[in-house]
Every structure is written in structure tokens, then in C-alpha cells.
Amino acid sequence: MADYQALSEFRHALRRFLAFSGDAARRVGMTPQQHQALLTIIGHAGPAPMTIGDLAERLLLKHHSTVELVDRLSEIGLVRREPAEDDRRKVTLRLTDKARRLLNSLSSAHLEELRRIRPVFAVLLGRLED
């Protein structure tokens, strides 16, 4: 029973953070999924720039859904598509300056919130060790 309670409380804490994140994204005119896409692009650590296929894989989305997401991000001036240098059939994704400004603002709020709730997660994760 204690395991179920720990899992339930962990999921509740996680959902509260995700709700915070979604609200923060909406306040700057983005959907939570758009915010996650921008974070994924800027945080990409691969040797080559991120492609739509890479983004789909990281977001656990189908390719066509990711194309639609990138279309919306492009329409609101947050992402640019560029032909890949190694294969002109591929498209790479680049953040605009506007996207970087929004991410700077959102990321500092998210990091502050994570620092605030870190002790809660530490306790909850510690309960799973028992």
C-alpha cells in the first residue's frame, strides 16, 4: 500500500509541475507542446542540427504531427526550417531570436520552480527506495 501511495503522490507532484509549466507557456502565447518542442530543439546535443524526425522521436509524436507542430511554430516566428547541409532533402530546425527570448524567460521561471519543489521530489523519490 505504501508503494501505491508514494506513486500517487509522485504523480501528483509531477502533474502540479506540468500544470505550472503549461500555465507559464500559455501566459506567453504558446501551448505546452510548443514550449516542449522549443526546449527540445535548444537542448539538442547531437553533432548535427535537429531535424523534424529527431524532434518527433524526442517528443514521442508521429512525423506528420511534428510537421504540423513545426508549421505552427514557424507561423508564429519561433522556428526556421533550413535545408540540411549534408542532405538537401532533410530539413533542420533553428530557433529564432524571439524563441530564444521566450525560452530565457520561461526557463528561469521553471528552474526557480524546480528549485522550490526539489525537496518534495527528493522525499518522494526517497520513499521509493524503501
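For reference, positions follow the sequence shown, starting with 1.
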Tell me whether R81 is salt-bridged to D71, with the criterion being a basic N under 4.0 Å from an acidic carboxylate O. yes

Quick one: does L93's side chain get under 4.5 Å of T51's, heavy atoms only? no

CG on L73 to CD1 on I41, rounded to 0.5 Å: 6.5 Å

Side-chain touch R16/R11, heavy atoms, less than 4.5 angstrom: no

Measuring only between side-chain heavy atoms, which start at C-beta, is S107 closer than 4.5 Å to L39? yes

I need the K98 NZ to L78 CG distance, nearest 0.5 Å. 5.5 Å

Value rounded to 0.5 Å, distance of CZ in F10 from CZ in R15: 13.0 Å

Any chance you could measure L7, atom CG, to Q5, atom CD, to the nearest 0.5 Å? 10.5 Å

Aromatic rings H35 and H110: how do their planes relate, parallel, tilted or perpendicular, breaks at 30° and 60°? tilted

Answer yes or no: is there a side-chain heavy-atom contact under 4.5 Å between R127 and E9? yes

As an exercise, state the distance from NE2 of H64 to CD1 of I52, rounded to the nearest 0.5 Å. 13.0 Å

Please report the interatomic distance CD(Q36) to CG(L61), rounded to the nearest 0.5 Å. 10.0 Å

Thinking salt bridges, do E113 and R116 make one under a 4.0 Å N-O criterion? yes

Here the pair of heavy atoms bringing P119 nearest to R115 is CD-O, 3.8 Å

Looking at R80, I'd like to know if its CZ atom is crowded, meaning that more than 12 non-hydrogen atoms belonging to other residues, nucleotides or ligands lie closer than 6.0 Å. yes

Could you walk me through whether R26 and D23 pass salt bridge (Lys or Arg N to Asp or Glu O under 4.0 Å), step by step? CA-CA 5 Å; R26 283 186 280 279; D23 290 345; 3.2 Å; yes

Closest heavy-atom contact between L55 and A37? CD1-O, 4.0 Å

Looking only at atom types and distance, does a side-chain atom of Q34 sit under 3.5 Å from a main-chain N or O of T31, one as donor and one as acceptor? yes

